[in-house]
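Chain identifiers are assigned alphabetically (A, B, ...) following the order of the sequence lines, protein sequences preceding nucleic acid strands; residue numbering begins at 1 within each chain. Small disclaimer: the values here were computed from a predicted structure and weren't measured.
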2 protein chains.
Amino acid sequence: MPHALHQDIRRLPLFSGIGEETFRDLMRAAYDQQMPPHVTVVSEGAPADFLHVVVEGMVELFASTNGRDATMAVVRPVSTFILAACVRDAPYLMSARTLQRSRLLLVPSVNVRAAVAADSRFALNAMQDLAGCYRGLVRHTKNLKLRNTRERIAAYLLRQSRLIGDAPGFTLPVEKRLIASYMGMTPENLSRAFKSLAADGCKIDGQRVIITDRARLEALAGLSLLLDGPDPDASAAGVSLPLPEAS
Amino acid sequence: MPHALHQDIRRLPLFSGIGEETFRDLMRAAYDQQMPPHVTVVSEGAPADFLHVVVEGMVELFASTNGRDATMAVVRPVSTFILAACVRDAPYLMSARTLQRSRLLLVPSVNVRAAVAADSRFALNAMQDLAGCYRGLVRHTKNLKLRNTRERIAAYLLRQSRLIGDAPGFTLPVEKRLIASYMGMTPENLSRAFKSLAADGCKIDGQRVIITDRARLEALAGLSLLLDGPDPDASAAGVSLPLPEAS
DNA sequence: GCGAGTGGTTGATATTTGTCAACCTTAAGT
DNA sequence: ACTTAAGGTTGACAAATATCAACCACTCGC
(Lines give C-alpha, C1' and ligand atoms only; values in the text may rest on other atoms or scores of the structure.)
Protein backbone atom coordinates (compact mmCIF):
# COMPACT_ATOMS: atom_id res chain seq x y z
CA MET A 1 0.00 0.00 0.00
CA PRO A 2 1.34 3.44 -0.89
CA HIS A 3 3.13 5.28 1.82
CA ALA A 4 1.20 8.50 1.26
CA LEU A 5 -1.97 6.65 2.16
CA HIS A 6 -0.55 5.50 5.44
CA GLN A 7 0.32 9.08 6.19
CA ASP A 8 -3.26 10.18 5.67
CA ILE A 9 -4.60 7.45 7.88
CA ARG A 10 -2.07 8.14 10.56
CA ARG A 11 -3.20 11.73 10.67
CA LEU A 12 -6.72 10.71 11.69
CA PRO A 13 -7.45 11.66 15.30
CA LEU A 14 -7.93 8.00 16.08
CA PHE A 15 -4.39 7.09 15.07
CA SER A 16 -2.50 10.28 15.73
CA GLY A 17 0.21 10.02 18.31
CA ILE A 18 -0.04 6.29 18.84
CA GLY A 19 3.00 4.07 18.97
CA GLU A 20 4.72 3.46 15.67
CA GLU A 21 4.63 -0.23 16.32
CA THR A 22 0.94 -0.25 17.15
CA PHE A 23 0.16 1.49 13.93
CA ARG A 24 2.37 -0.73 11.84
CA ASP A 25 0.84 -3.87 13.28
CA LEU A 26 -2.64 -2.62 12.52
CA MET A 27 -1.74 -1.73 8.95
CA ARG A 28 -0.01 -5.00 8.39
CA ALA A 29 -3.04 -6.96 9.52
CA ALA A 30 -5.39 -4.95 7.33
CA TYR A 31 -6.94 -5.92 4.00
CA ASP A 32 -7.01 -3.39 1.23
CA GLN A 33 -10.18 -3.76 -0.81
CA GLN A 34 -11.52 -2.13 -3.93
CA MET A 35 -15.30 -2.16 -4.12
CA PRO A 36 -17.62 -1.34 -7.02
CA PRO A 37 -20.55 1.02 -6.39
CA HIS A 38 -23.74 -0.19 -4.74
CA VAL A 39 -22.16 -3.06 -2.89
CA THR A 40 -23.12 -3.91 0.67
CA VAL A 41 -19.93 -4.24 2.65
CA VAL A 42 -21.39 -4.61 6.13
CA SER A 43 -24.68 -6.21 7.20
CA GLU A 44 -26.26 -5.30 10.48
CA GLY A 45 -26.50 -8.19 12.87
CA ALA A 46 -23.26 -9.75 11.68
CA PRO A 47 -20.35 -10.01 14.09
CA ALA A 48 -18.07 -6.99 13.87
CA ASP A 49 -15.01 -8.59 12.40
CA PHE A 50 -13.40 -5.46 11.01
CA LEU A 51 -12.87 -1.81 11.68
CA HIS A 52 -13.39 -0.10 8.34
CA VAL A 53 -11.39 2.77 6.97
CA VAL A 54 -12.74 4.59 3.92
CA VAL A 55 -9.76 5.45 1.80
CA GLU A 56 -11.41 6.39 -1.47
CA GLY A 57 -15.01 6.79 -2.59
CA MET A 58 -18.07 7.15 -0.40
CA VAL A 59 -19.94 4.79 1.90
CA GLU A 60 -23.46 4.98 3.28
CA LEU A 61 -24.27 3.64 6.71
CA PHE A 62 -27.88 2.65 6.95
CA ALA A 63 -30.35 0.60 8.93
CA SER A 64 -33.34 -1.33 7.73
CA THR A 65 -36.36 -3.10 9.12
CA ASN A 66 -38.93 -4.90 7.04
CA GLY A 67 -38.92 -2.85 3.90
CA ARG A 68 -38.13 0.62 5.21
CA ASP A 69 -34.59 1.83 5.46
CA ALA A 70 -32.87 4.85 6.93
CA THR A 71 -29.57 6.51 6.19
CA MET A 72 -27.60 6.89 9.39
CA ALA A 73 -24.46 8.52 7.99
CA VAL A 74 -22.37 8.99 4.88
CA VAL A 75 -18.65 8.47 5.25
CA ARG A 76 -15.98 9.97 3.01
CA PRO A 77 -12.21 9.60 2.99
CA VAL A 78 -10.30 9.46 5.13
CA SER A 79 -12.29 8.22 8.07
CA THR A 80 -13.22 5.12 9.96
CA PHE A 81 -16.54 3.58 10.85
CA ILE A 82 -18.07 1.10 13.29
CA LEU A 83 -15.40 1.43 15.90
CA ALA A 84 -17.98 0.91 18.64
CA ALA A 85 -19.10 -2.53 17.52
CA CYS A 86 -15.49 -3.43 17.01
CA VAL A 87 -14.26 -2.59 20.52
CA ARG A 88 -17.37 -4.09 22.11
CA ASP A 89 -17.00 -7.26 20.10
CA ALA A 90 -20.70 -6.99 19.39
CA PRO A 91 -22.81 -7.31 16.24
CA TYR A 92 -22.96 -4.39 13.82
CA LEU A 93 -25.99 -2.19 14.38
CA MET A 94 -25.82 -0.65 10.92
CA SER A 95 -25.23 -1.89 7.42
CA ALA A 96 -22.88 -0.18 4.99
CA ARG A 97 -22.96 0.09 1.23
CA THR A 98 -20.76 1.85 -1.27
CA LEU A 99 -22.27 4.82 -3.05
CA GLN A 100 -19.39 4.99 -5.51
CA ARG A 101 -16.46 2.87 -6.47
CA SER A 102 -14.59 2.83 -3.17
CA ARG A 103 -11.49 1.60 -1.53
CA LEU A 104 -11.64 0.33 2.02
CA LEU A 105 -9.09 -0.80 4.50
CA LEU A 106 -10.41 -3.58 6.71
CA VAL A 107 -8.60 -3.85 10.01
CA PRO A 108 -9.45 -7.03 11.89
CA SER A 109 -11.26 -6.29 15.16
CA VAL A 110 -9.01 -8.64 17.08
CA ASN A 111 -6.07 -6.47 16.16
CA VAL A 112 -7.91 -3.32 17.11
CA ARG A 113 -8.83 -4.74 20.47
CA ALA A 114 -5.27 -5.89 21.01
CA ALA A 115 -4.04 -2.43 20.11
CA VAL A 116 -6.30 -0.58 22.53
CA ALA A 117 -5.21 -2.95 25.26
CA ALA A 118 -1.53 -2.54 24.48
CA ASP A 119 -1.25 1.14 23.59
CA SER A 120 -2.85 3.47 26.09
CA ARG A 121 -2.63 6.43 23.77
CA PHE A 122 -4.63 4.51 21.22
CA ALA A 123 -7.19 3.69 23.90
CA LEU A 124 -7.50 7.36 24.74
CA ASN A 125 -7.94 8.22 21.09
CA ALA A 126 -10.63 5.59 20.73
CA MET A 127 -12.34 6.92 23.82
CA GLN A 128 -12.31 10.46 22.44
CA ASP A 129 -13.55 9.26 19.08
CA LEU A 130 -16.44 7.35 20.63
CA ALA A 131 -17.34 10.26 22.87
CA GLY A 132 -17.45 12.42 19.75
CA CYS A 133 -19.63 9.92 17.90
CA TYR A 134 -21.95 9.73 20.86
CA ARG A 135 -22.27 13.47 21.06
CA GLY A 136 -22.89 13.68 17.34
CA LEU A 137 -25.74 11.24 17.71
CA VAL A 138 -27.13 13.10 20.68
CA ARG A 139 -27.36 16.21 18.53
CA HIS A 140 -28.99 14.25 15.76
CA THR A 141 -31.54 12.72 18.10
CA LYS A 142 -32.37 16.08 19.62
CA ASN A 143 -32.95 17.33 16.13
CA LEU A 144 -35.33 14.50 15.36
CA LYS A 145 -37.31 14.92 18.54
CA LEU A 146 -37.41 18.68 18.94
CA ARG A 147 -37.82 20.00 15.43
CA ASN A 148 -40.22 19.42 12.58
CA THR A 149 -39.04 18.85 9.05
CA ARG A 150 -38.67 22.47 7.98
CA GLU A 151 -36.82 23.34 11.16
CA ARG A 152 -34.51 20.36 10.81
CA ILE A 153 -33.69 21.35 7.28
CA ALA A 154 -33.05 24.96 8.22
CA ALA A 155 -30.82 23.84 11.05
CA TYR A 156 -28.98 21.44 8.76
CA LEU A 157 -28.29 24.08 6.15
CA LEU A 158 -27.08 26.57 8.74
CA ARG A 159 -24.81 23.94 10.21
CA GLN A 160 -23.37 23.10 6.85
CA SER A 161 -22.75 26.76 6.24
CA ARG A 162 -21.03 27.20 9.56
CA LEU A 163 -18.83 24.16 9.08
CA ILE A 164 -17.28 25.74 6.03
CA GLY A 165 -16.80 29.07 7.70
CA ASP A 166 -20.20 30.73 7.42
CA ALA A 167 -20.09 30.86 3.67
CA PRO A 168 -23.58 31.77 2.44
CA GLY A 169 -23.32 29.57 -0.63
CA PHE A 170 -22.38 25.93 -0.93
CA THR A 171 -23.10 22.68 -2.71
CA LEU A 172 -24.99 19.80 -1.14
CA PRO A 173 -22.51 17.04 -0.41
CA VAL A 174 -24.75 14.08 -1.24
CA GLU A 175 -27.90 13.20 -3.11
CA LYS A 176 -31.08 14.69 -1.74
CA ARG A 177 -32.64 11.31 -1.14
CA LEU A 178 -29.83 10.58 1.33
CA ILE A 179 -30.27 13.90 3.07
CA ALA A 180 -33.98 13.23 3.33
CA SER A 181 -33.50 9.78 4.77
CA TYR A 182 -30.82 10.96 7.15
CA MET A 183 -33.16 13.60 8.48
CA GLY A 184 -36.04 11.19 8.83
CA MET A 185 -38.34 12.38 6.08
CA THR A 186 -39.40 11.40 2.59
CA PRO A 187 -37.71 12.83 -0.52
CA GLU A 188 -41.01 14.44 -1.52
CA ASN A 189 -41.23 16.15 1.80
CA LEU A 190 -37.66 17.41 1.56
CA SER A 191 -38.25 18.70 -1.92
CA ARG A 192 -41.30 20.68 -0.89
CA ALA A 193 -39.59 21.99 2.22
CA PHE A 194 -36.62 23.16 0.17
CA LYS A 195 -38.91 25.09 -2.07
CA SER A 196 -40.80 26.64 0.77
CA LEU A 197 -37.58 27.83 2.39
CA ALA A 198 -37.28 30.46 -0.30
CA ALA A 199 -39.70 32.45 1.84
CA ASP A 200 -37.47 32.00 4.86
CA GLY A 201 -34.09 33.11 3.70
CA CYS A 202 -32.67 30.23 1.72
CA LYS A 203 -32.69 29.40 -1.95
CA ILE A 204 -31.97 25.88 -3.20
CA ASP A 205 -31.40 25.26 -6.88
CA GLY A 206 -30.36 21.74 -7.75
CA GLN A 207 -27.28 21.06 -5.66
CA ARG A 208 -26.62 24.74 -5.02
CA VAL A 209 -27.64 26.35 -1.77
CA ILE A 210 -27.59 30.07 -1.10
CA ILE A 211 -28.48 31.48 2.27
CA THR A 212 -30.01 34.84 1.51
CA ASP A 213 -31.18 35.81 4.98
CA ARG A 214 -29.31 34.06 7.73
CA ALA A 215 -31.17 35.74 10.57
CA ARG A 216 -34.49 34.65 9.19
CA LEU A 217 -33.34 31.10 8.65
CA GLU A 218 -31.95 30.96 12.17
CA ALA A 219 -35.26 32.15 13.55
CA LEU A 220 -37.00 29.34 11.69
CA ALA A 221 -34.55 26.70 12.90
CA GLY A 222 -35.80 27.51 16.36
CA LEU A 223 -32.30 28.30 17.34
CA SER A 224 -31.00 28.75 20.84
CA LEU A 225 -28.56 26.61 19.01
CA LEU A 226 -26.13 25.16 21.23
CA LEU A 227 -28.08 22.38 19.69
CA ASP A 228 -25.72 22.21 16.77
CA GLY A 229 -22.94 24.33 18.02
CA PRO A 230 -20.80 26.11 18.91
CA ASP A 231 -18.76 22.95 19.32
CA PRO A 232 -19.10 20.77 16.27
CA ASP A 233 -17.43 17.69 17.77
CA ALA A 234 -15.64 17.71 14.50
CA SER A 235 -14.25 14.23 14.83
CA ALA A 236 -17.78 12.85 14.93
CA ALA A 237 -17.48 11.28 11.53
CA GLY A 238 -19.60 8.21 11.17
CA VAL A 239 -22.71 9.83 12.52
CA SER A 240 -23.33 12.58 10.05
CA LEU A 241 -23.27 13.61 6.45
CA PRO A 242 -20.13 14.88 4.73
CA LEU A 243 -19.10 18.50 4.62
CA PRO A 244 -20.43 20.50 1.71
CA GLU A 245 -18.21 22.35 -0.69
CA ALA A 246 -18.11 26.11 -0.41
CA SER A 247 -18.71 28.05 -3.57
CA MET B 1 -19.47 8.92 52.80
CA PRO B 2 -20.51 5.42 53.83
CA HIS B 3 -18.25 2.64 52.78
CA ALA B 4 -21.10 0.53 51.38
CA LEU B 5 -21.82 3.27 48.90
CA HIS B 6 -18.28 3.26 47.62
CA GLN B 7 -18.58 -0.45 47.12
CA ASP B 8 -21.64 -0.01 44.93
CA ILE B 9 -19.97 2.64 42.85
CA ARG B 10 -16.83 0.63 42.49
CA ARG B 11 -18.85 -2.20 41.08
CA LEU B 12 -20.03 -0.10 38.15
CA PRO B 13 -18.44 -1.26 34.89
CA LEU B 14 -16.82 2.15 34.57
CA PHE B 15 -14.90 1.78 37.80
CA SER B 16 -14.45 -1.94 38.11
CA GLY B 17 -10.91 -3.15 38.09
CA ILE B 18 -9.31 0.27 38.11
CA GLY B 19 -6.43 1.10 40.41
CA GLU B 20 -7.31 1.52 44.03
CA GLU B 21 -5.51 4.80 44.09
CA THR B 22 -7.30 6.12 41.01
CA PHE B 23 -10.62 5.32 42.57
CA ARG B 24 -9.75 6.81 45.91
CA ASP B 25 -8.57 10.05 44.32
CA LEU B 26 -11.79 10.35 42.35
CA MET B 27 -13.94 9.75 45.41
CA ARG B 28 -11.96 12.15 47.48
CA ALA B 29 -12.39 14.93 44.94
CA ALA B 30 -16.13 14.33 44.65
CA TYR B 31 -18.96 16.31 46.17
CA ASP B 32 -21.82 14.45 47.76
CA GLN B 33 -25.06 16.32 47.17
CA GLN B 34 -28.62 15.84 48.30
CA MET B 35 -31.15 17.35 45.94
CA PRO B 36 -34.88 17.93 46.37
CA PRO B 37 -37.22 16.79 43.58
CA HIS B 38 -37.68 18.84 40.42
CA VAL B 39 -34.36 20.58 40.58
CA THR B 40 -32.27 21.17 37.49
CA VAL B 41 -28.79 19.94 38.22
CA VAL B 42 -27.26 20.30 34.77
CA SER B 43 -28.04 22.84 32.06
CA GLU B 44 -27.20 22.12 28.47
CA GLY B 45 -24.66 24.48 27.03
CA ALA B 46 -22.79 24.84 30.29
CA PRO B 47 -19.22 23.60 30.51
CA ALA B 48 -19.06 20.01 31.70
CA ASP B 49 -17.48 20.51 35.09
CA PHE B 50 -18.58 17.27 36.68
CA LEU B 51 -19.18 13.64 36.00
CA HIS B 52 -22.40 12.80 37.81
CA VAL B 53 -23.14 9.62 39.69
CA VAL B 54 -26.73 8.96 40.72
CA VAL B 55 -26.56 7.37 44.13
CA GLU B 56 -30.17 7.66 45.25
CA GLY B 57 -33.35 8.83 43.61
CA MET B 58 -33.98 9.34 39.91
CA VAL B 59 -32.74 11.84 37.36
CA GLU B 60 -34.15 12.80 33.97
CA LEU B 61 -31.86 13.80 31.14
CA PHE B 62 -33.63 16.06 28.71
CA ALA B 63 -33.10 18.55 25.95
CA SER B 64 -35.08 21.63 25.13
CA THR B 65 -35.42 24.18 22.37
CA ASN B 66 -37.74 27.12 22.49
CA GLY B 67 -40.62 25.74 24.43
CA ARG B 68 -40.56 22.10 23.47
CA ASP B 69 -38.59 19.59 25.46
CA ALA B 70 -37.68 15.96 25.06
CA THR B 71 -36.69 13.29 27.54
CA MET B 72 -33.44 11.69 26.47
CA ALA B 73 -33.00 9.24 29.33
CA VAL B 74 -33.91 8.49 32.91
CA VAL B 75 -31.09 7.47 35.21
CA ARG B 76 -31.46 5.45 38.38
CA PRO B 77 -28.92 4.35 40.98
CA VAL B 78 -26.21 3.40 40.73
CA SER B 79 -25.06 4.86 37.45
CA THR B 80 -23.20 7.73 35.92
CA PHE B 81 -24.15 10.25 33.30
CA ILE B 82 -22.55 12.73 30.89
CA LEU B 83 -19.21 11.01 30.72
CA ALA B 84 -18.84 12.04 27.09
CA ALA B 85 -18.99 15.79 27.70
CA CYS B 86 -16.67 15.29 30.60
CA VAL B 87 -13.87 13.52 28.75
CA ARG B 88 -14.23 15.82 25.76
CA ASP B 89 -14.11 18.89 27.96
CA ALA B 90 -17.07 20.17 25.94
CA PRO B 91 -20.40 21.73 26.89
CA TYR B 92 -23.22 19.51 28.09
CA LEU B 93 -25.61 18.58 25.32
CA MET B 94 -28.39 17.63 27.71
CA SER B 95 -29.89 19.09 30.84
CA ALA B 96 -30.66 17.02 33.92
CA ARG B 97 -33.33 17.39 36.56
CA THR B 98 -34.25 15.32 39.57
CA LEU B 99 -37.55 13.47 39.40
CA GLN B 100 -37.42 12.61 43.08
CA ARG B 101 -35.39 13.56 46.06
CA SER B 102 -31.97 12.37 44.93
CA ARG B 103 -28.42 12.04 46.00
CA LEU B 104 -25.66 12.73 43.51
CA LEU B 105 -21.95 12.41 43.59
CA LEU B 106 -20.25 15.09 41.52
CA VAL B 107 -16.80 14.13 40.38
CA PRO B 108 -14.86 17.07 38.93
CA SER B 109 -14.13 16.58 35.25
CA VAL B 110 -10.51 17.56 35.72
CA ASN B 111 -10.06 14.62 38.02
CA VAL B 112 -11.82 12.29 35.60
CA ARG B 113 -9.61 13.41 32.76
CA ALA B 114 -6.54 13.02 34.92
CA ALA B 115 -7.68 9.54 35.87
CA VAL B 116 -8.21 8.33 32.31
CA ALA B 117 -4.78 9.65 31.41
CA ALA B 118 -3.11 8.00 34.38
CA ASP B 119 -4.94 4.68 34.63
CA SER B 120 -5.16 2.79 31.40
CA ARG B 121 -7.71 0.36 32.76
CA PHE B 122 -9.96 3.27 33.58
CA ALA B 123 -9.49 4.58 30.05
CA LEU B 124 -10.52 1.22 28.65
CA ASN B 125 -13.57 1.17 30.88
CA ALA B 126 -14.54 4.65 29.75
CA MET B 127 -14.07 3.61 26.15
CA GLN B 128 -16.32 0.59 26.63
CA ASP B 129 -18.91 2.66 28.42
CA LEU B 130 -18.98 5.27 25.67
CA ALA B 131 -19.16 2.61 23.00
CA GLY B 132 -22.15 1.18 24.86
CA CYS B 133 -23.83 4.57 25.12
CA TYR B 134 -23.25 5.16 21.46
CA ARG B 135 -24.76 1.84 20.52
CA GLY B 136 -27.71 2.49 22.77
CA LEU B 137 -28.36 5.72 20.98
CA VAL B 138 -27.97 4.10 17.59
CA ARG B 139 -30.74 1.69 18.52
CA HIS B 140 -32.88 4.52 19.76
CA THR B 141 -32.35 6.52 16.59
CA LYS B 142 -33.15 3.55 14.41
CA ASN B 143 -36.33 3.17 16.35
CA LEU B 144 -37.30 6.76 15.77
CA LYS B 145 -36.60 6.64 12.06
CA LEU B 146 -37.83 3.20 11.14
CA ARG B 147 -40.94 2.69 13.22
CA ASN B 148 -44.15 4.59 13.77
CA THR B 149 -45.53 5.19 17.23
CA ARG B 150 -47.40 1.94 17.69
CA GLU B 151 -44.44 -0.06 16.48
CA ARG B 152 -42.05 1.83 18.73
CA ILE B 153 -44.27 1.16 21.71
CA ALA B 154 -44.62 -2.50 20.88
CA ALA B 155 -40.87 -2.79 20.49
CA TYR B 156 -40.29 -0.96 23.75
CA LEU B 157 -42.62 -3.21 25.69
CA LEU B 158 -41.09 -6.34 24.23
CA ARG B 159 -37.65 -5.06 25.08
CA GLN B 160 -38.65 -4.31 28.64
CA SER B 161 -40.07 -7.76 28.93
CA ARG B 162 -36.93 -9.35 27.59
CA LEU B 163 -34.68 -7.36 29.88
CA ILE B 164 -36.32 -8.91 32.89
CA GLY B 165 -36.19 -12.40 31.48
CA ASP B 166 -39.18 -12.55 29.16
CA ALA B 167 -41.67 -12.12 31.94
CA PRO B 168 -45.05 -11.42 30.35
CA GLY B 169 -46.09 -9.03 33.12
CA PHE B 170 -44.29 -6.02 34.51
CA THR B 171 -44.67 -2.51 35.83
CA LEU B 172 -43.72 0.58 33.88
CA PRO B 173 -40.59 2.03 35.43
CA VAL B 174 -41.45 5.71 35.00
CA GLU B 175 -44.36 8.01 34.38
CA LYS B 176 -46.05 7.65 31.04
CA ARG B 177 -45.37 11.24 30.09
CA LEU B 178 -41.64 10.44 30.27
CA ILE B 179 -42.03 7.31 28.19
CA ALA B 180 -43.96 9.31 25.63
CA SER B 181 -41.39 12.04 25.43
CA TYR B 182 -38.53 9.56 25.31
CA MET B 183 -40.15 7.85 22.37
CA GLY B 184 -40.83 11.09 20.58
CA MET B 185 -44.59 11.31 20.85
CA THR B 186 -47.21 13.17 22.86
CA PRO B 187 -48.74 11.69 26.01
CA GLU B 188 -52.14 11.66 24.29
CA ASN B 189 -50.74 9.66 21.46
CA LEU B 190 -49.10 7.18 23.81
CA SER B 191 -52.29 6.78 25.76
CA ARG B 192 -54.31 5.98 22.66
CA ALA B 193 -51.66 3.65 21.34
CA PHE B 194 -51.57 1.76 24.63
CA LYS B 195 -55.27 1.23 24.45
CA SER B 196 -55.18 0.10 20.86
CA LEU B 197 -52.50 -2.46 21.66
CA ALA B 198 -55.11 -4.55 23.41
CA ALA B 199 -56.00 -5.77 19.93
CA ASP B 200 -52.38 -6.70 19.29
CA GLY B 201 -51.40 -8.82 22.21
CA CYS B 202 -50.73 -6.42 25.05
CA LYS B 203 -52.86 -5.10 27.84
CA ILE B 204 -51.91 -1.95 29.78
CA ASP B 205 -53.74 -1.05 32.94
CA GLY B 206 -52.31 1.91 34.80
CA GLN B 207 -48.69 1.01 35.44
CA ARG B 208 -49.25 -2.68 34.86
CA VAL B 209 -48.37 -4.28 31.55
CA ILE B 210 -49.31 -7.76 30.51
CA ILE B 211 -48.18 -9.25 27.26
CA THR B 212 -50.94 -11.61 26.26
CA ASP B 213 -49.75 -12.59 22.81
CA ARG B 214 -46.06 -12.16 22.34
CA ALA B 215 -45.98 -13.41 18.76
CA ARG B 216 -48.61 -10.94 17.71
CA LEU B 217 -46.87 -8.06 19.43
CA GLU B 218 -43.59 -9.03 17.81
CA ALA B 219 -45.22 -9.04 14.42
CA LEU B 220 -46.49 -5.54 15.04
CA ALA B 221 -43.12 -4.27 16.21
CA GLY B 222 -41.92 -5.09 12.73
CA LEU B 223 -39.31 -7.26 14.25
CA SER B 224 -36.31 -8.68 12.51
CA LEU B 225 -35.18 -7.46 15.85
CA LEU B 226 -31.56 -7.36 16.01
CA LEU B 227 -32.80 -3.85 16.24
CA ASP B 228 -33.18 -4.13 19.97
CA GLY B 229 -31.36 -7.30 20.61
CA PRO B 230 -30.12 -9.86 21.15
CA ASP B 231 -27.33 -7.83 22.69
CA PRO B 232 -28.74 -5.22 25.00
CA ASP B 233 -25.48 -3.31 25.48
CA ALA B 234 -26.55 -3.48 29.05
CA SER B 235 -24.11 -0.91 30.29
CA ALA B 236 -25.74 1.67 28.07
CA ALA B 237 -27.23 3.53 30.99
CA GLY B 238 -27.65 7.18 30.28
CA VAL B 239 -29.35 6.64 26.99
CA SER B 240 -32.45 4.76 27.94
CA LEU B 241 -35.22 4.35 30.45
CA PRO B 242 -34.83 2.27 33.60
CA LEU B 243 -35.63 -1.41 33.82
CA PRO B 244 -39.20 -2.26 34.72
CA GLU B 245 -40.09 -4.42 37.68
CA ALA B 246 -41.28 -7.90 36.95
CA SER B 247 -44.53 -8.95 38.53
C1' DG C 1 -62.34 15.30 54.80
C1' DC C 2 -61.42 18.78 51.34
C1' DG C 3 -59.21 21.58 47.79
C1' DA C 4 -55.47 21.97 44.62
C1' DG C 5 -52.29 20.17 41.60
C1' DT C 6 -50.49 16.64 38.59
C1' DG C 7 -50.73 12.98 35.57
C1' DG C 8 -53.61 10.51 32.65
C1' DT C 9 -57.49 9.82 29.40
C1' DT C 10 -60.83 11.03 25.86
C1' DG C 11 -63.03 13.39 21.97
C1' DA C 12 -63.06 16.79 18.34
C1' DT C 13 -60.25 18.99 15.25
C1' DA C 14 -56.10 20.85 12.81
C1' DT C 15 -51.62 20.14 11.08
C1' DT C 16 -47.97 17.58 9.53
C1' DT C 17 -46.22 14.03 7.09
C1' DG C 18 -46.49 10.11 4.03
C1' DT C 19 -48.26 7.75 -0.19
C1' DC C 20 -49.13 7.17 -4.90
C1' DA C 21 -48.87 8.34 -9.55
C1' DA C 22 -47.38 11.18 -13.14
C1' DC C 23 -43.97 13.71 -15.13
C1' DC C 24 -39.46 16.03 -15.89
C1' DT C 25 -34.53 16.05 -16.17
C1' DT C 26 -30.18 14.21 -16.49
C1' DA C 27 -26.51 10.87 -17.14
C1' DA C 28 -25.17 6.41 -19.00
C1' DG C 29 -25.34 2.78 -22.35
C1' DT C 30 -26.02 0.99 -26.90
C1' DA D 1 -29.08 9.95 -31.47
C1' DC D 2 -32.15 7.05 -28.99
C1' DT D 3 -33.36 4.42 -24.93
C1' DT D 4 -33.28 3.51 -20.32
C1' DA D 5 -32.89 4.15 -15.51
C1' DA D 6 -32.49 6.95 -11.56
C1' DG D 7 -33.11 11.00 -9.04
C1' DG D 8 -35.95 14.72 -8.40
C1' DT D 9 -40.35 17.37 -8.51
C1' DT D 10 -45.31 18.11 -8.38
C1' DG D 11 -50.20 17.41 -7.32
C1' DA D 12 -54.03 15.00 -5.22
C1' DC D 13 -55.05 12.48 -1.51
C1' DA D 14 -54.67 9.54 2.78
C1' DA D 15 -52.81 8.49 7.11
C1' DA D 16 -50.36 9.63 11.18
C1' DT D 17 -49.66 12.69 14.66
C1' DA D 18 -50.29 16.93 17.29
C1' DT D 19 -53.22 20.27 19.52
C1' DC D 20 -56.80 21.89 22.41
C1' DA D 21 -60.15 21.41 25.80
C1' DA D 22 -62.64 18.90 28.98
C1' DC D 23 -62.72 15.61 32.30
C1' DC D 24 -61.27 11.90 35.60
C1' DA D 25 -58.44 9.85 39.28
C1' DC D 26 -55.14 10.14 42.56
C1' DT D 27 -52.03 12.16 45.85
C1' DC D 28 -50.57 15.60 48.95
C1' DG D 29 -50.97 19.05 52.29
C1' DC D 30 -53.86 21.36 55.31
Side-chain angles (χ1 to χ4, degrees), chain A residues 36-38 58 60 62 65-71 74 97-101 143-154 171-198 200 203-209 220 222 241, chain B residues 36-38 58 60 62 65-71 74 97-101 143-154 171-198 200 203-209 220 222 241:
Chain A
H38 311 301
M58 187 147 69
E60 177 194 8
F62 67 102
T65 324
N66 45 285
R68 284 162 281 191
D69 82 338
T71 301
V74 173
R97 62 167 83 103
T98 55
L99 291 170
Q100 310 170 348
R101 174 169 178 73
N143 244 322
L144 289 173
K145 287 208 227 181
L146 291 170
R147 303 211 255 231
N148 64 25
T149 47
R150 295 188 78 226
E151 294 167 341
R152 287 207 289 283
I153 293 166
T171 304
L172 294 173
V174 295
E175 290 170 355
K176 289 181 184 173
R177 69 186 176 89
L178 295 173
I179 297 177
S181 180
Y182 176 69
M183 305 226 277
M185 65 190 74
T186 58
E188 293 95 327
N189 206 345
L190 178 69
S191 179
R192 281 187 254 265
F194 269 159
K195 198 161 69 164
S196 80
L197 282 185
D200 285 284
K203 182 98 184 37
I204 290 95
D205 180 34
Q207 303 260 95
R208 299 268 317 121
V209 178
L220 170 63
L241 300 183
Chain B
H38 311 301
M58 186 147 69
E60 177 193 8
F62 67 100
T65 323
N66 45 286
R68 284 162 282 189
D69 83 338
T71 301
V74 172
R97 63 166 83 103
T98 55
L99 290 170
Q100 309 170 347
R101 175 171 177 70
N143 243 322
L144 289 174
K145 288 208 226 180
L146 292 169
R147 303 210 255 230
N148 64 25
T149 48
R150 295 187 78 227
E151 293 166 343
R152 286 208 288 282
I153 294 166
T171 304
L172 294 174
V174 294
E175 291 170 355
K176 290 181 184 174
R177 70 186 175 90
L178 295 174
I179 297 176
S181 179
Y182 176 69
M183 304 225 279
M185 64 190 73
T186 59
E188 293 95 326
N189 206 346
L190 177 69
S191 180
R192 283 186 252 266
F194 268 160
K195 198 161 68 164
S196 81
L197 283 185
D200 285 285
K203 182 102 184 33
I204 291 96
D205 181 33
Q207 304 260 95
R208 298 269 319 121
V209 178
L220 170 63
L241 300 183

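Note: CZ (Arg208(A)) to P (dG8(D)) measures 17 Å, nearest angstrom. Atom CZ of Arg152(B) and atom C1' of dT17(D) are 10 Å apart (whole Å). If you take CD of Gln207(B) and C1' of dA25(D), they are 13 Å apart, rounded to a whole angstrom. In this structure, the CZ atom of Phe194(B) is 15 Å from the P atom of dT17(D), given to the nearest Å. Going from atom CG of Asn148(B) over to atom C1' of dA14(D) covers 15 Å, rounded to whole Å.
Contact annotation: Lys195(A) reaches the phosphate of dT10(D) (side-chain N/O to OP1 or OP2, under 4.0 Å).
In this structure, Met58(B) and Leu178(B) have side chains that are not in contact, with every pair of non-hydrogen atoms separated by 4.5 Å or more. Residues Arg68(B) and Thr65(B) fail the side-chain proximity criterion, which asks for heavy atoms closer than 4.5 Å. Contact of the Val209(B) side chain with the Lys203(B) side chain is not registered, since no non-hydrogen atoms from C-beta on lie closer than 4.5 Å. A heavy-atom distance below 4.5 Å is found between the side chains of Leu197(B) and Leu220(B). Inter-residue side-chain proximity for Arg150(B) and Asp200(B) is flagged as met; some heavy-atom pair is nearer than 4.5 Å.
Remark: Glu188(A), Ser191(A), Arg192(A) in residues 184-193 of chain A come within less than 4.0 Å of DNA chain D through at least one heavy atom.
Distance CZ/Arg152(A) to NZ/Lys145(A): 13.0 Å, rounded to 0.5 Å. Between atom CG of residue Asn148(B) and atom CG of residue Asn143(B) there is a gap of 10.5 Å, rounded to the nearest 0.5 Å.
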Distance-only check: which donor-acceptor pairs under 3.5 Å involve side-chain atoms of residues 185-195 of chain A, not counting sequence neighbours?
from, atom 1, to, atom 2, distance (Å)
Thr186(A), OG1, Asn189(A), N, 3.2

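Here chain B contacts DNA chain C (any atom closer than 4.0 Å to a heavy atom, that is under 4.0 Å), and the contacts span dG7(C) to dA12(C) from 5' to 3'.
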